[in-house]
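Just so it is clear: chains get the letters A, B, ... in the order the sequence lines come, proteins before strands, and each one is counted from 1.
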Amino acid sequence: MTDSSESRNHKATPSAWAFFGWAIAWFVVLTVIWLQLAAWAAYPATWVARAALAVGAPQWAQKVSHQPGVLTVDTPFAAVSAAGPSGRPVVKPISVDMETAALTYGMPLLLALFITAGRSGWQLRVLPAMGVLWVAQGLCMALAVLGRITKVVGNAQTLGVEPWQVDALNVMYFQSMVLMPTLAPVMIWLWLDWPFMARLWGRADPGDEAGESLGN
Amino acid sequence: MARFFVTFVALMVAMFAIELQPAVQRSLVIPWTELLASVSSGLVTSFDADVAARGKVLWNPATGFGVSIEAGCNGVEACIILVAGMLAFPASWRHRLLGIAIGLVAVQGLNVVRVISLFYIGQWNLVAFKVAHEYLWQGLIMLDVLVVWMLWARAAGRDAKRGTRAGVGAAA
């Protein structure tokens with residue numbers, strides 16, 4: 001005799017392969033659309049980055065300016081280049097540019113996951129999800145800027161920090177540029193749409209904390 | 001759920017810390033990256049003779065265009081995320097090891113497709129190459145990791161239920 005709740009749950013179990021196919025399709029379509037708006041869509045994340053730099057690293061980020069698509073940070077450091085037309089070495093202040101799209105392209109991925117999962121009320125959950133993602137993107141942008149400054153200056157003593165701090169910033173620069181843009185949207189979506197995953201796994205009660213221990 | 005996320009993040013941070021060690025880079029990551037370039041080159045030369053690979057660079061001697069497989073493009077980070085997800089999720093060790101073995105093949109398989117597709121897209125159009133390289137493929141690889149993990153976690157649940165029923169049957 002089959003358990004009726006289990007059979008109801010089995011009928012409702014979404015297909016992982018269908019999810020994969022539709023998620024890819026939505027991601028590609030939304031990315032193409034996003035590319036047309038990328039420079040302006042990055043504004044919320046850029047505001048967070050500017051605030052983070054102003055609060056966390058004012059000694060490095062002397063002046064932060066933003067044009068659509070590019071965040072520019074003027075630093076107090078200078079680079080001495082080879083002799084100019086006058087024959088004397090040229091001292092040039094160091095500025096770092098950050099292409100904002102490089103940190104904010106995860107938004108289409110977040111939207112694609114919510115749309116594909118299509119759980120009831122997803123339109124309400126996607127708004128706070130976007131807010132959380134903008135904050136994450138902004139913080140990553142600030143870290144990436146600091147990492148780029150350490151790469152350009154290249155000297156811990158000049159930067160006024162310890163060598164291990166330079167190494168840490170280099171690591172965070174890499175993670176911010178390569179990993180976080182796509183990992184953050186997936187984690188935010190998973191957190192907010194965990195019941196969808198539970199349905200996919202065929203669990204009777206997605207909210208059952210004890211039921212999380214599958215086999216343990 | 002919260003326990004899963006905390007464990008996942010902790011494992012991921014630990015594995016990245018290990019991966020970034022110079023000894024690990026020298027002995028594992030760089031050789032893997034060169035192998036990836038060789039595999040990609042081997043596959044492409046089966047239908048296109050104008051491809052060569054040296055180290056981690058794949059290039060077309062006729063056009064001069066080439067791609068260099070750098071950190072972030074060798075699939076190592078994606079594999080670390082997948083392994084962390086499997087270790088953090090409740091499952092038997094047998095199931096975890098099996099999932100990791102199959103999952104790494106799935107992720108690296110798609111990564112080879114990424115390298116080869118970018119090689120040809122770059123020869124066709126540099127703007128398309130930038131879009132595909134910096135935005136599309138990054139997302140597609142992460143989707144691959146997500147779906148591999150989803151399928152594995154579903155199988156882990158079924159495996160556990162079979163084990164539970166067998167235990168109940170034996171007890172009865």
Side chain, backbone, both or neither of [X] within contact of chain B (heavy atoms, under 4.5 Å):
| X | result |
| --- | --- |
| A/Trp17 | side chain |
| A/Leu183 | both |
| A/Ala101 | both |
| A/Leu35 | side chain |
| A/Val28 | both |

Q. Looking at CD of A/Gln137 and CE of A/Met107, how far apart are the two atoms once the value is rounded to the nearest 0.5 Å?
A. 5.0 Å
Can you tell me if [X] uses its side chain to pair, donor with acceptor, with the backbone of [Y] under 3.5 Å?
| X | Y | value |
| --- | --- | --- |
| A/Asp193 | A/Phe196 | no |
| A/Trp60 | A/Leu146 | no |
| B/Ser41 | B/Ala37 | no |

Measure the acute angle between the ring planes of [X] and [Y], then classify it against the limits of 30° and 60° as parallel, tilted or perpendicular.
| X | Y | answer |
| --- | --- | --- |
| A/Phe19 | A/Trp189 | parallel |
| B/Phe65 | B/Phe129 | perpendicular |
| B/Phe89 | B/Trp152 | perpendicular |

**Q.** For chain A, the option from B/Val147, B/Ile141, B/Leu20 that forms the most heavy-atom pairs under 4.5 Å
**A.**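 Option with the greatest count: B/Val147.
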Between [X] and chain A, with a heavy-atom cut-off of 4.5 Å, which part of the residue counts as in contact: side chain, backbone, both or neither?
| X | answer |
| --- | --- |
| B/Phe5 | side chain |
| B/Leu140 | both |
| B/Val145 | neither |
| B/Leu136 | both |
| B/Leu143 | both |

